[in-house]
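Following: one structure in structure tokens, then a few remarks.
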Amino acid sequence: MARRFPLYIDLTGRRVLVYGGGAVASRRVETLSRFGPAVTVVAPEIAPAIRSLPGVAWVEDAFRPEAMPAADLVLAATSDPEVNREIVRLCRQRGVPVNNASDQDQCDFHFPAVAVRGDVVVGVNAGGTDHGLVKRLAAAIRILLEGEL
């Protein structure tokens, strides 16, 4: 059985589209890539961390609504809040779940911190209210999962 993303859906082979190639996108793409989706990153500049991930496709291009491919899940993680809002608008028109990294109120789902041990997957989220607490809790859970249980 495939590992499950904390939405607890099987992402294996699902088309995940990520707009943005910076630090936020890098963290999210690295996490997602461990769950088997077909990830494509679109951004004018792609961070080396994204380029080095096996199985992740990337396209150096700005967001262009007319060129938006079909996807099962979309992450809007550009540095431009207006572009992120436009991505959300288009996804909602198409019925595609979307996460806007710059506006928690425009998210169909929240992206959790993830801790994994084998087939055990733990997601930590505070609804966008306390990123520091989420980071600390996820780190503690990772330490716990690495130990003898």
Side-chain angles (χ1 to χ4, degrees), residues 1-61 63 68-81 83-85 87-88 90-92 94-149:
M1 178 181 229
R3 288 186 197 161
R4 304 287 179 171
F5 184 77
L7 289 172
Y8 303 103
I9 62 171
D10 186 355
L11 290 177
T12 304
R14 302 246 185 178
R15 298 165 300 174
V16 176
L17 181 59
V18 179
Y19 281 101
V24 172
S26 294
R27 287 191 306 272
R28 292 183 176 189
V29 170
E30 190 280 324
T31 299
L32 282 167
S33 70
R34 297 183 296 166
F35 293 89
V39 178
T40 301
V41 177
V42 179
E45 295 180 36
I46 309 289
I50 292 172
R51 291 175 186 262
S52 68
L53 289 169
V56 173
W58 42 271
V59 178
E60 286 185 325
D61 198 1
F63 168 71
M68 188 176 195
D72 298 306
L73 195 68
V74 175
L75 300 172
T78 76
S79 58
D80 185 335
V83 169
N84 289 346
R85 281 192 285 279
I87 293 166
V88 168
L90 288 171
C91 286
R92 290 193 172 151
R94 297 176 181 188
V96 176
V98 61
N99 174 281
N100 180 343
S102 64
D103 186 346
Q104 293 295 314
D105 292 333
Q106 285 204 324
C107 294
D108 295 328
F109 63 92
H110 288 170
F111 201 95
V114 176
V116 178
R117 178 179 175 175
D119 289 334
V120 174
V121 178
V122 179
V124 181
N125 184 276
T129 61
D130 194 339
H131 297 294
L133 176 60
V134 168
K135 186 176 181 178
R136 290 188 307 276
L137 283 172
I141 291 167
R142 287 182 191 111
I143 290 168
L144 177 67
L145 290 176
E146 290 170 3
E148 293 292 323
L149 296 176

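In what follows, every heavy atom counts, from backbone to side chain, and hydrogens, waters and symmetry copies are set aside.
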Can you measure from CG (Asn84) to OG (Ser102) and round to the nearest 0.5 angstrom? 4.0 Å
Ignoring hydrogens, what is the shortest heavy-atom contact between Val16 and Pro37? Give both atom names and the distance. CG2-CB, 3.6 Å
For the residue pair Val88 and Leu90, establish whether any side-chain heavy-atom pair is separated by less than 4.5 Å. no
By the salt bridge (charged side-chain N to carboxylate O under 4.0 Å, His left out) test, which pairs, at least two apart or in different chains, include something from residues 134-146? none
Could you measure the distance from the CZ atom of Arg34 to the CG atom of Leu53? Nearest 0.5 Å is fine. 10.5 Å
Identify, with sequence neighbours excluded, every residue that meets side-chain contact (heavy atoms from CB on, under 4.5 Å) alongside Ala101. Val24, Arg28, Ala77, Asn99
If the condition is side-chain contact (heavy atoms from CB on, under 4.5 Å), which residues does Pro44 pass it with, not counting sequence neighbours? Ala62
Heavy-atom closest pair, residues Leu145 and Ala115: CD1-CB, 3.8 Å
Can you run down the salt bridge (charged side-chain N to carboxylate O under 4.0 Å, His left out) pairs that involve residues 100-113, sequence neighbours left out, and say none if there aren't any? Arg92-Asp108
When rounded to the nearest 0.5 angstrom, what is the spacing between CD1 in Ile9 and CG in Asp72? 8.5 Å
Give me each pair satisfying side chain to side chain donor-acceptor pair (under 3.5 Å) with a member in residues 39-59, each pair once, sequence neighbours excluded. Arg51-Glu60
How long is the straight-line distance from CZ of Phe109 back to CG of Leu75, given to the nearest 0.5 Å? 5.0 Å
Under the side-chain contact (heavy atoms from CB on, under 4.5 Å) test, residues paired with Pro69 that sit two or more places apart: Leu17, Tyr19
Side-chain contact test, heavy atoms from C-beta onward, threshold under 4.5 Å: evaluate it for Val122 versus Val120 and give yes or no. yes
Can you name the residues that form a side-chain hydrogen bond (donor to acceptor under 3.5 Å, both in side chains) with Ser26, not counting sequence neighbours? none
Thr78-Asp80 side chain donor-acceptor pair, cut-off 3.5 Å: no
Where do Val18 and Ala25 come nearest, in terms of heavy atoms and distance? CG1-CB, 4.0 Å
Identify, with sequence neighbours excluded, every residue that meets side-chain contact (heavy atoms from CB on, under 4.5 Å) alongside Val96. Val74, Cys91, Arg94
Can you confirm whether Val59 sits close enough to Val41 that some side-chain heavy atom of one is under 4.5 Å from a side-chain heavy atom of the other? no
Residues pairing under salt bridge (charged side-chain N to carboxylate O under 4.0 Å, His left out) where one sits in residues 18-27, two or more places apart or in two chains, turn out to be none
Which heavy atom of Gly95 sits nearest a heavy atom of Pro97, and at what distance? O-CD, 3.8 Å
Once you round to the nearest 0.5 Å, how far does CZ of Arg14 lie from CG of Leu73? 9.0 Å
Mind checking whether Asp10 and Phe35 have side chains closer than 4.5 Å, heavy atoms only? no
Closest non-hydrogen atoms of Ala113 and Val134, given as atom of the first, atom of the second and distance, are CB-CG1, 3.7 Å
Using every non-hydrogen atom in the two residues, find where Ile87 and Ala76 come nearest and quote the distance to one decimal. CG2-CB, 3.8 Å
